[in-house]
Trainee: 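Right, I'll just put the structure down here and ask away after.
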Number of protein chains: 2
Amino acid sequence: MITATAELLQVQGYHATGLNQITQESNTPKGSLYFHFPGGKEELAIAAIEAAGAEESQKIEAVLNSQEDVGDAVQAFTQLLAEGMLNSDFRKGCPVATVAIETSSTHESLRRVCEQIYMHWFELIEQRLLMAGFNPAETRTWSTLILASVEGALLLSRNQKSVQPLEIIGEHIKTLINQAKPQHQPQQNFSQLNSVS
Amino acid sequence: MITATAELLQVQGYHATGLNQITQESNTPKGSLYFHFPGGKEELAIAAIEAAGAEESQKIEAVLNSQEDVGDAVQAFTQLLAEGMLNSDFRKGCPVATVAIETSSTHESLRRVCEQIYMHWFELIEQRLLMAGFNPAETRTWSTLILASVEGALLLSRNQKSVQPLEIIGEHIKTLINQAKPQHQPQQNFSQLNSVS
DNA sequence: GTCTATATGAGGATAGAC
DNA sequence: GTCTATCCTCATATAGAC
């Protein structure tokens, strides 16, 4: 039920997704929903977003550490997202963005959940940049630019039904970050990096 | 009524905004709504998004041309957006993003309207870059990065209730774009640029 | 052209049998 | 613990008086 909810939230958003649709899609009777989630729709949505966010975190961490070059890593990230868009016929962008933007001003609990997930992704990117030799002050600005442009490109790609925005920013950030990359003594080498849990 | 609808759509989104709320907020009786907009909610939403998008276009064009330096222009853009967020207590981000992300997969007509508005903003940024001396191939990648990161930063800033993401990407893009800027013979000078309608 | 009253359905939530 | 039947509210949309 949680995974069904997560998928519906990602594609349609919070308000467009009804409890009827969730129970129908997941073959779950409506009665037991309120046994497992006494808080109703909002509590179920929180659980679904948290699960989807955690799953996405694992993918992000894996893809960022799949490439030795930090620019390649960012591009691999955007390529992964582009594939996800194509595979879902542009129905699935960021698993939390739709709910985040819908509930930022109206549902404080959901807003906080989304905020925590974004913070975690932010930290994953920062760690990868630190390993590439950037200093802490630089990692902050670069990771913000990366996360913001990725989220924005997901929005634009979904709206345009084209992966062009994702591909363009992936290629461009790769170029920019490799120009800015410290060329001397990265703080950790790639083999250490890859052994992270 | 259109402006009231536009504001509600921006803050709450399409599905969270009811016709009752619109008529109440704008002191309009419900009956005449369907006289002016026979298509109902969807037609009204289209009109509202188009109006909000056009208004925002004017602001974007004005602010991009308010600074002689292209990096300053981008930063002035993000500062304007940051002020809008603060003035609305983080309720108003991009006037079309919420509807765009909600309807990309479900309401083709609204999706198209949002797409057209984004295309227009894209062109405004491209024109500004061309005037700064960038060649057409470069303008495409830079304008995509700028629009994507601005949209993403708006999403993150709204979700975090902090203008930090907007300020960071504004400052960072300013730096990056000035490093990449052609130093010789811009195609048009600033006085010409400012005379654009 | 403008408004009131209402139709019709779907929303989230719950009570209570099993 | 699980499911069915149902409540109440609110949604969009319309009919018809003025």
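So that the names make sense, note that chain A is the first sequence line, chain B the second, and so on, each numbered from 1.
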Trainee: Using whole Å, report how far CD1 of A:Ile22 lies from C1' of C:dG11.
Mentor: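 Going from A:Ile22 (CD1) to C:dG11 (C1'), I get 12 Å.
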Trainee: Side-chain atoms of residues 45-53 of chain B: list all donor-acceptor pairs with protein atoms under 3.5 Å, sequence neighbours left out, distances to 0.1 Å.
Mentor:
none

Trainee: Look at A:Glu61 together with A:Arg128 and state whether they make a salt bridge at an N to O cut-off of under 4.0 Å.
Mentor: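 A salt bridge is absent here (no side-chain N lies under 4.0 Å from a carboxylate O).
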Trainee: C:dG1 P sits how many Å from B:Phe37 CZ, rounded?
Mentor: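 In whole Å, C:dG1 P and B:Phe37 CZ are 15 Å from each other.
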Trainee: B:Gln24 has an atom CD; how far is it from atom P of C:dC3, in whole Å?
Mentor: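 Answer to the nearest Å: 16 Å.
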Trainee: Any salt bridge linking A:Lys181 with A:Asp69? Criterion: basic side-chain nitrogen under 4.0 Å from a carboxylate oxygen.
Mentor: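 Looking at A:Lys181 and A:Asp69, the cut-off is met.
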Trainee: Name the residue closer to the 5' end of DNA chain C, choosing between A:Gln21 and B:Ser32 according to the nucleotide with the nearest heavy atom.
Mentor: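 Result: B:Ser32.
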Trainee: Look for any protein N or O under 3.5 Å of an N or O in nucleotides 12-18 of chain C and output each such pair with its distance, or none.
Mentor:
from, atom 1, to, atom 2, distance (Å)
C:dG12, OP1, A:Thr17, O, 3.4
C:dG12, OP1, A:Leu19, N, 3.4
C:dG12, OP1, A:Lys41, NZ, 3.0
C:dG12, OP2, A:Leu19, N, 2.6
C:dA13, OP2, A:Tyr34, OH, 2.7
C:dA13, OP2, A:Lys41, N, 3.1
C:dA13, O5', A:Tyr34, OH, 3.1
C:dA13, N6, A:Lys30, NZ, 3.3

Trainee: Quick one: CD1 on A:Ile177 to NE2 on A:His172, what's the gap to the nearest 0.5 Å?
Mentor: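 A:Ile177 CD1 to A:His172 NE2: 12.0 Å, rounded to 0.5 Å.
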Trainee: Side chains of A:Gln164 and B:Arg140 only: does a donor on one sit below 3.5 Å from an acceptor on the other?
Mentor: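 Present: a donor and an acceptor within the cut-off.
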Trainee: Given D:dT2, C:dG1, C:dC3, identify the nucleotide with an atom nearest to the side chain of B:Phe35.
Mentor: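 Nearest nucleotide to the side chain: C:dG1.
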Trainee: Would you mind writing out the side-chain donor-acceptor pairs for residues 73-85 of chain B within the sub-3.5 Å range, not counting sequence neighbours?
Mentor:
from, atom 1, to, atom 2, distance (Å)
B:Gln75, OE1, B:Lys174, NZ, 3.2
B:Gln75, NE2, B:Glu171, OE1, 2.9
B:Thr78, OG1, B:Gln75, O, 2.8

